[in-house]
Undergrad: 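This structure is in C-alpha cells; I'll ask about it shortly.
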Amino acid sequence: MPELPEVETVRRGLAPVLEGLRIEAVELRRADLRFPFPERFAERLTGARVLRLERRAKYLLAPLDTGEVWAAHLGMTGRFSVTAEGRVARPGDFYYAAPPDPRHTHVAFDIEAGARVEYNDVRRFGYMELIPADGLAAHALFKGLGPEPLGPDFTAAHLARAFEGRIQSVKATLLDQRVVAGLGNIYVCEALFRAGISPLRPAGDVSRRKLGPLVAAVRAVLEASLEVGGSSLRDYAGADGAKGGFQNAFLVYDREGEPCLREGCRGVVARTVQAGRSSFHCPVCQR
DNA sequence: CCCACGACCTGTGGGC
DNA sequence: TGCCCACAGGTCGTGG
C-alpha cells in the first residue's frame, strides 16, 4: 500500500483536476469496499465543490463546500487515475505503471471541466468516508493519529515518550499510526536501516541518543521517496515515465540474502517476520 | 492497556 | 505446463 510518499504523490497528481472544481456526477459500482460506503454517498458528493485536496497520514482529504470532508484511504491496492476522453490524461502518478483492470474500478467521479477520476482497488482494503468538517479531528479515524513524520511535532522527545517502557519491537511501534502517522512497512525498514537500529529491538530499549538520528532517518527516507514520486512495486516495462522510482533506492527492503549496502559492512540482509509482516535488516550493523 | 494474531480480498510468482 | 502455497504497500477486531 501506499504509504505517506505514495499517498502524497497521488494527492499532488489529483489536486490540479479537483481543487476548486465541482463534482458533476458520481458513479458508484458497488455498495462497499472495506466498509460500506456512507449513506447516499453519490448524492452527497454530486454538485459539491472541492475546496482543497489535502493529506493526513495515509488519508486523502477533500473539504467540500457542503461542509463535509470526503476522506479516502487506499488500503493496499487502491489507485486513482484521471482519464479524459477514454485515455489516461495524467500518467506519472504512483500506480500508473500499468493500467488498472477495469473490473476493479469501483467508483468514478466526473469533474467539472471534463476530467474523470476513477478509483480502482483490487483487494478492496481501501475505504471512503464523508465527515462533517467541524467534526473531523474528533472522528474515530483521526482522533488517535500521531504526528506527521514530516511535521514539527515528530521529534526525538516525542519518540522518547512513545517508546518509554514499551516492550513491543521498534518496528511494530513505528508502524503504529498512533505513534507516528504515515509510515508503513517499506519506510520503517528503510529508516531503521539508516539509523542503525534493529527492527527486533524493543522500542523501550532503543538508546535515547539514537532517537535523533532515527527521526532524521525517517524524514530523509520519506523526502527522498517523495522526490521520485514514491515507490512502485511490480512495475512493468514501458510505463509512462513518471511512475514512482524509490524502489530502485531501497537499501534493505526486499533484499533478503543480498549484501548490506552500508560502507564497509560485510553483513547480509535478513528477512524476519514481525507482526505477520516481513522485516528486512542487516544483523551486523543494525543493533 | 498492551500485544500477537487472524481476518478481510484478489492476484502473482516461485517451487515442485 | 499446472497446481498450490506463500506472500503482497494496511488496519481492524478479538482474545490472551
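No hydrogens, no waters, no symmetry mates; every other heavy atom, side chains included, goes into these values. All values reported here derive from a predicted model rather than from experimental measurement. Reminder, nothing fancy here: chain letters follow the sequence lines and each chain counts from 1.
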Undergrad: Under 4.0 Å from any atom of DNA chain C, heavy atoms only: list the residues of residues 249-262 of chain A that qualify, in numerical order.
TA: Tyr253(A)
Undergrad: Taking the side chain as every heavy atom from C-beta outward, state whether Arg79(A) and His104(A) have any atom pair closer than 4.5 Å.
TA: no
Undergrad: Phe250(A), Phe280(A): one ILVMFWY side-chain cluster at the under-4.5 Å cut-off?
TA: yes
Undergrad: Sort out the partner of dC9(B) for me: Watson-Crick or G-U wobble, both distances under 3.5 Å, none otherwise.
TA: none
Undergrad: Run through Asn120(A), Val17(A), Val117(A) and flag the one making a side-chain contact (heavy atoms from CB on, under 4.5 Å) with Phe80(A).
TA: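 Exactly one candidate clears the test, Val117(A).
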Undergrad: Are the side chain of Gln274(A) and the backbone of Pro199(A) linked by a donor-acceptor contact shorter than 3.5 Å?
TA: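 Checked: pair present.
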Undergrad: Counting only side-chain nitrogens and oxygens, does His104(A) get under 4.0 Å of the OP1 or OP2 atom of dC9(B)?
TA: no
Undergrad: Do the charged groups of Asp121(A) and Arg30(A) touch, with an N to O distance under 4.0 Å?
TA: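 Here Asp121(A) does not pair with Arg30(A) in a salt bridge, since their nearest N and O are not under 4.0 Å apart.
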Undergrad: Between Gln247(A) (side chain only) and Ser232(A) (backbone N and O only), is there a donor and an acceptor less than 3.5 Å apart?
TA: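 Side chain of Gln247(A) to backbone of Ser232(A): a pair is present.
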Undergrad: Could you state the atom-to-atom distance from CZ of Arg277(A) to P of dT11(C) in whole Å?
TA: 8 Å
Undergrad: Rounded to the nearest Å, what distance is computed from the CG atom of residue Asp176(A) to the P atom of nucleotide dG13(C)?
TA: 14 Å
Undergrad: I'd like to know if Glu27(A) and Arg29(A) make a salt bridge, using a cut-off of under 4.0 Å between side-chain N and carboxylate O.
TA: yes
Undergrad: To the nearest Å, give me how far apart NE2 (His73(A)) and P (dG10(C)) are.
TA: 8 Å
Undergrad: Check this for me, if you would: do Glu164(A) and Arg161(A) make a salt bridge, where the nitrogen-to-carboxylate-oxygen distance has to be below 4.0 angstrom?
TA: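 Not counted as a salt bridge, because no side-chain N and carboxylate O are separated by less than 4.0 Å.
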Undergrad: Pairs under 3.5 angstrom only: tabulate donor-acceptor contacts from the side chains of residues 256-270 of chain A to other protein residues two or more places apart or in another chain.
TA:
unit_1    : atom_1 : unit_2    : atom_2 : d
Glu258(A) : OE1    : Arg255(A) : NE     : 3.4
Arg262(A) : NH2    : Phe193(A) : O      : 2.5

Undergrad: Kindly write out the residues that satisfy salt bridge (charged side-chain N to carboxylate O under 4.0 Å, His left out) with Arg56(A), not counting sequence neighbours, or none if the list is empty.
TA: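 If we apply the salt bridge (charged side-chain N to carboxylate O under 4.0 Å, His left out) test to Arg56(A), skipping adjacent residues, the hits are Glu148(A).
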Undergrad: Among residues 190-201 of chain A, which residues get a heavy atom nearer than 4.0 Å to DNA chain C?
TA: none
Undergrad: Which value, in whole Å, describes the distance between the P atoms of nucleotides dG11(B) and dC12(C)?
TA: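 Pairwise P distance, dG11(B) against dC12(C), rounds to 24 Å.
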Undergrad: In this structure, how many angstroms lie between the C1' atom of dG10(C) and the CG atom of Leu175(A), rounded?
TA: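 So the two atoms are 9 Å apart, to the nearest Å.
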Undergrad: Protein-nucleotides 3-6 of chain B N/O pairs closer than 3.5 Å?
TA:
unit_1 : atom_1 : unit_2    : atom_2 : d
dC3(B) : OP1    : Ile167(A) : N      : 3.3
dC3(B) : OP1    : Gln168(A) : N      : 3.2

Undergrad: With sugar-phosphate meaning primed atoms plus P, OP1 and OP2, does Arg271(A) contact a base, only sugar-phosphate, or nothing at under 4.0 Å between heavy atoms?
TA: sugar-phosphate
Undergrad: Take the protein atom OH of Tyr59(A) and the nucleotide atom C1' of dC12(C), then report the distance between them rounded to whole Å.
TA: 10 Å
Undergrad: Which ones in residues 118-130 of chain A lie close to DNA chain C, meaning a heavy atom under 4.0 Å from one of its atoms?
TA: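 By residue number: Arg123(A), Phe125(A), Tyr127(A).
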Undergrad: Counting only Watson-Crick pairs (N1-N3 plus N6-O4 or O6-N4) and G-U wobbles (N1-O2, O6-N3), all under 3.5 Å, who is the partner of dC1(B)?
TA: none
Undergrad: If you check every side-chain atom of Ser278(A), which of dG11(B), dA8(C), dC12(C) has the closest atom?
TA: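 The answer is dA8(C).
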Undergrad: Pick out which of Phe37(A), Phe35(A), Tyr119(A) makes a ring pair (Phe, Tyr, Trp, His ring centres under 6.0 Å) with Tyr127(A).
TA: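 Of the listed residues Phe37(A), Phe35(A), Tyr119(A), the ring pair (Phe, Tyr, Trp, His ring centres under 6.0 Å) partner of Tyr127(A) is Phe35(A).
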Undergrad: Leu141(A) CG to dG10(C) C1': how many Å, rounded?
TA: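 In whole Å, dG10(C) C1' lies 13 Å from Leu141(A) CG.
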Undergrad: With a 4.5 Å cut-off on side-chain heavy-atom distances among I, L, V, M, F, W and Y, is there a chain of contacts connecting Leu33(A) to Leu28(A)?
TA: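 Both belong to a single hydrophobic cluster.
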Undergrad: side-chain hydrogen bond (donor to acceptor under 3.5 Å, both in side chains), that's the test. Do Arg271(A) and Ser278(A) meet it? Break it down for me.
TA: CA-CA 6 Å; Arg271(A) 183 177 86 93; Ser278(A) 291; 2.5 Å; yes
Undergrad: Near Glu39(A) CD, under 6.0 Å, is it more than 12 heavy atoms from other residues, nucleotides or ligands?
TA: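 At most 12 heavy atoms, drawn from other residues, nucleotides or ligands, come within 6.0 Å of this atom.
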Undergrad: Distance check: side-chain N/O of Arg103(A) vs OP1/OP2 of dC9(B), anything under 4.0 Å?
TA: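 Checking Arg103(A) against dC9(B): no side-chain N or O falls below 4.0 Å of OP1 or OP2.
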Undergrad: Send over the distance from Phe35(A) CZ to dG13(C) C1', rounded to a whole Å.
TA: 10 Å
Undergrad: Tell me the interatomic distance from Met76(A), atom CE, to dC8(B), atom P, rounded to whole angstroms.
TA: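 In whole Å, dC8(B) P and Met76(A) CE are 15 Å from each other.
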Undergrad: Centroid separation under 6.0 Å, is that true for the rings of Phe142(A) and Tyr59(A)?
TA: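 Yes - the distance between ring centres of Tyr59(A) and Phe142(A) falls below the 6.0 Å cut-off.
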Undergrad: Answer yes or no: does a side-chain N or O of Gln177(A) lie under 4.0 Å from OP1 or OP2 of dG10(C)?
TA: no
